[in-house]
Undergrad: 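Here it is, the structure in full.
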Amino acid sequence: MPYRPINKRLPATLDIRLQHRYSDIATELSRTTHFNKIEVLRLLQMHYMLTKDNAKPMKKLNFIQFMDVFLGVRNVDSVDKVYLLCCETNKEYLTGPEFVRVLSMLLKGTLADLINFCFEVYTEMIRSPRYIKKEDVLVMARRNSMKMCKLVNMEEYDQSFVDFVMTEVDKDRDNRISLEDYRKAVHENVAWLQFLGQILPSCTQKEIFLRLFTDRPYVNNIESTAAEMTRKNRESIARMTLLKSAISQTENTASSTSFSSNSTCLAVNRDLTHMAKKPEIISDGNYLTLF
């Protein structure tokens with residue numbers, strides 16, 4: 001079988017040796033990640049080149065530097081937790097297959113997967129396995145405030161941010177944010193995906209990094225999914241508006257109708273009023289710009 005280089009920047013002998021070493025695992029990873037076999041082979045070679053001078057695979061400091069230089073993610077707290085969550089074989093280092101899996105999530109993960117992943121990172125950061133409490137949001141807000149220029153009323157800003165977050169994200173009003181609360185908030189506005197600090201690289205950084213190992217065009221899974229959800233929400237709102245209009249017409253033509261006290265109608269009115277008052281969140285499609 002003729003030799004086909006995977007990485008033309010490597011010596012042919014090394015490229016052949018790495019292809020042979022990683023062939024089986026690349027086939028397996030191509031079935032369980034968002035990458036094809038060639039892309040997996042190139043990422044495994046990248047992992048090898050980044051760690052070839054070390055006795056063990058990628059250590060935490062190497063991963064933090066990688067996330068900073070290649071993906072532009074400089075939130076060390078979140079990168080540290082991403083590293084710990086993805087080091088399944090050994091908590092001391094990140095193996096080649098684990099390196100591919102975490103990049104599959106960060107670069108091409110679906111919105112549904114990213115919701116679970118980001119929530120797990122945040123709960124790991126606050127050391128709470130199931131919920132994010134109001135005081136946790138305040139701690140995270142203060143931590144992020146320290147990275148900003150010092151403002152006169154920074155304490156007041158932090159408290160205002162916490163109140164705003166709990167109003168928007170705590171859907172069941174139990175003073176803590178569960179995974180279901182978080183999922184509902186993200187479905188309403190994808191900007192809530194990274195409301196406690198950056199975890200994922202920006203769209204621009206993703207696209208630049210993907211060019212290093214693939215010719216396939218970059219597809220923003222988050223934006224496309226959010227756009228689809230927005231379309232469905234608008235259709236739902238339109239249907240509710242038509243329903244409200246029909247109910248109003250019925251009330252005008254028949255005063256004896258019971259629609260005026262119907263719970264469905266009241267729910268529609270409450271939802272529409274809430275949507276009208278809800279403030280917009282400025283986002284670049286990846287994470288909140290409140291910090």
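No hydrogens, no waters, no symmetry mates; every other heavy atom, side chains included, goes into these values.
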Undergrad: Working to the nearest 0.5 angstrom, can you tell me the gap between Asn75 CG and Asp80 CG?
TA: 10.0 Å
Undergrad: Would you say Ser78's side chain and Gln198's backbone share a donor-acceptor pair under 3.5 angstrom?
TA: yes
Undergrad: Show your reasoning for whether side chain to side chain contact (heavy atoms under 4.5 Å, CB included) applies to Phe161 and Val137.
TA: CA-CA 9 Å; Phe161 173 75; Val137 178; 4.3 Å; yes
Undergrad: Same hydrophobic cluster for Met49 and Ile6, using side-chain heavy-atom links shorter than 4.5 Å among ILVMFWY?
TA: yes
Undergrad: In terms of ring plane angle, is the pair Phe70 and Phe209 parallel, tilted or perpendicular, where the classes change at 30° and 60°?
TA: perpendicular
Undergrad: In Å, rounded to the nearest 0.5 Å, how long is the span from OG of Ser23 to CG of Leu18?
TA: 12.0 Å
Undergrad: Applying side-chain hydrogen bond (donor to acceptor under 3.5 Å, both in side chains), run through Ser160 and Asp163 and close with a yes or a no.
TA: CA-CA 5 Å; Ser160 298; Asp163 293 339; 5.6 Å; no
Undergrad: Could you tell me whether a side-chain N or O of Arg176 sits under 3.5 Å from a main-chain N or O of Tyr131, the two making a donor and an acceptor?
TA: no
Undergrad: Could you walk me through whether Trp192 and Phe164 pass the ring pair (Phe, Tyr, Trp, His ring centres under 6.0 Å) check?
TA: CA-CA 12 Å; Trp192 287 110; Phe164 174 64; 5.7 Å; yes
Undergrad: As an exercise, state the distance from NZ of Lys108 to OG1 of Thr214, rounded to the nearest 0.5 Å.
TA: 5.5 Å
Undergrad: Between Ile177 and Val165, is there a side-chain heavy-atom distance shorter than 4.5 Å?
TA: yes
Undergrad: Salt bridge check, Lys184 against Glu188: does any charged N sit closer than 4.0 Å to a carboxylate O?
TA: no
Undergrad: Is the backbone of Arg101 close enough, under 3.5 Å, to the side chain of Thr33 for a donor and an acceptor to pair up by distance?
TA: no
Undergrad: Which of these passes ring pair (Phe, Tyr, Trp, His ring centres under 6.0 Å) with His47: Phe63, Phe99, Tyr93, Phe66?
TA: Phe99
Undergrad: Does any part of the side chain of Leu71, heavy atoms only, come nearer than 4.5 Å to the side chain of Leu103, both counted from C-beta?
TA: yes
Undergrad: Evaluate the side chain to side chain contact (heavy atoms under 4.5 Å, CB included) criterion for residues Leu196 and Ile132: first the C-alpha distance (whole Å), next the side-chain angles of each, then the deciding distance (0.1 Å), finally the verdict.
TA: CA-CA 10 Å; Leu196 290 181; Ile132 300 174; 4.1 Å; yes
Undergrad: Measuring from Leu114:CG to Met105:CE, what's the distance to the nearest 0.5 Å?
TA: 6.0 Å
Undergrad: If we ignore hydrogens and angles and just use 3.5 Å, is the side chain of Thr123 paired with the main-chain N or O of Phe119 as donor and acceptor?
TA: yes
Undergrad: Is the closest side-chain heavy-atom distance between Phe35 and Leu29 below 4.5 Å?
TA: no
Undergrad: Would you say that Ile199 contacts Val73 through its side chain, given a criterion of any heavy-atom pair below 4.5 Å between the two side chains?
TA: no
Undergrad: Do Glu39 and Ser30 make a side-chain contact, defined as non-hydrogen atoms from C-beta onward lying under 4.5 Å apart?
TA: no
Undergrad: So, Ser178 versus Asp181: side-chain donor-acceptor pair below 3.5 Å or not?
TA: yes
Undergrad: Taking everything shown except Lys91 itself, do over 12 heavy atoms lie less than 6.0 Å from its NZ?
TA: yes
Undergrad: So, for Tyr22 and Tyr48, is the gap between ring centers shorter than 6.0 Å?
TA: no
Undergrad: Roughly how far, to the nearest 0.5 Å, is the OG1 atom of Thr27 from the CG atom of Asn36?
TA: 11.0 Å
Undergrad: Under a 4.0 Å N-O cut-off, is there an ion pair linking Arg183 with Glu180?
TA: yes
Undergrad: First locate atom NZ of Lys206, then atom CG of Asn220, and finally report the distance between them rounded to the nearest 0.5 Å.
TA: 6.0 Å
Undergrad: Taking Lys59 for its side chain and Glu92 for its backbone only, find out whether a donor-acceptor pair lies under 3.5 Å.
TA: no
Undergrad: Without hydrogens or angle criteria, can the side chains of Glu98 and Thr95 be said to hold a donor-acceptor pair below 3.5 Å?
TA: yes
Undergrad: Taking Ile208's backbone N and O only, do any of them form a donor-acceptor pair with Tyr218's side chain (distance below 3.5 Å, no angle check)?
TA: no
Undergrad: With side chain to side chain contact (heavy atoms under 4.5 Å, CB included) as the criterion, how do Glu124 and Val121 come out once you've worked through the C-alpha distance, each side chain's angles and the decisive distance to 0.1 Å?
TA: CA-CA 5 Å; Glu124 186 71 22; Val121 172; 5.6 Å; no
Undergrad: When you compare the side chains of Gln19 and Asp15, does any donor N or O come within less than 3.5 Å of an acceptor on the partner?
TA: yes
Undergrad: With heavy-atom distances below 4.5 Å as the criterion, would you say the side chains of Phe117 and Val82 are in contact?
TA: yes
Undergrad: Is there a donor-acceptor pair under 3.5 Å between the side chain of Lys81 and the backbone N or O of Asp77?
TA: no
Undergrad: Below 4.5 Å, heavy atoms only, C-beta onward: do Glu28 and Asp24 meet side chain to side chain?
TA: no
Undergrad: Below 4.5 Å, heavy atoms only, C-beta onward: do Met67 and Leu106 meet side chain to side chain?
TA: yes
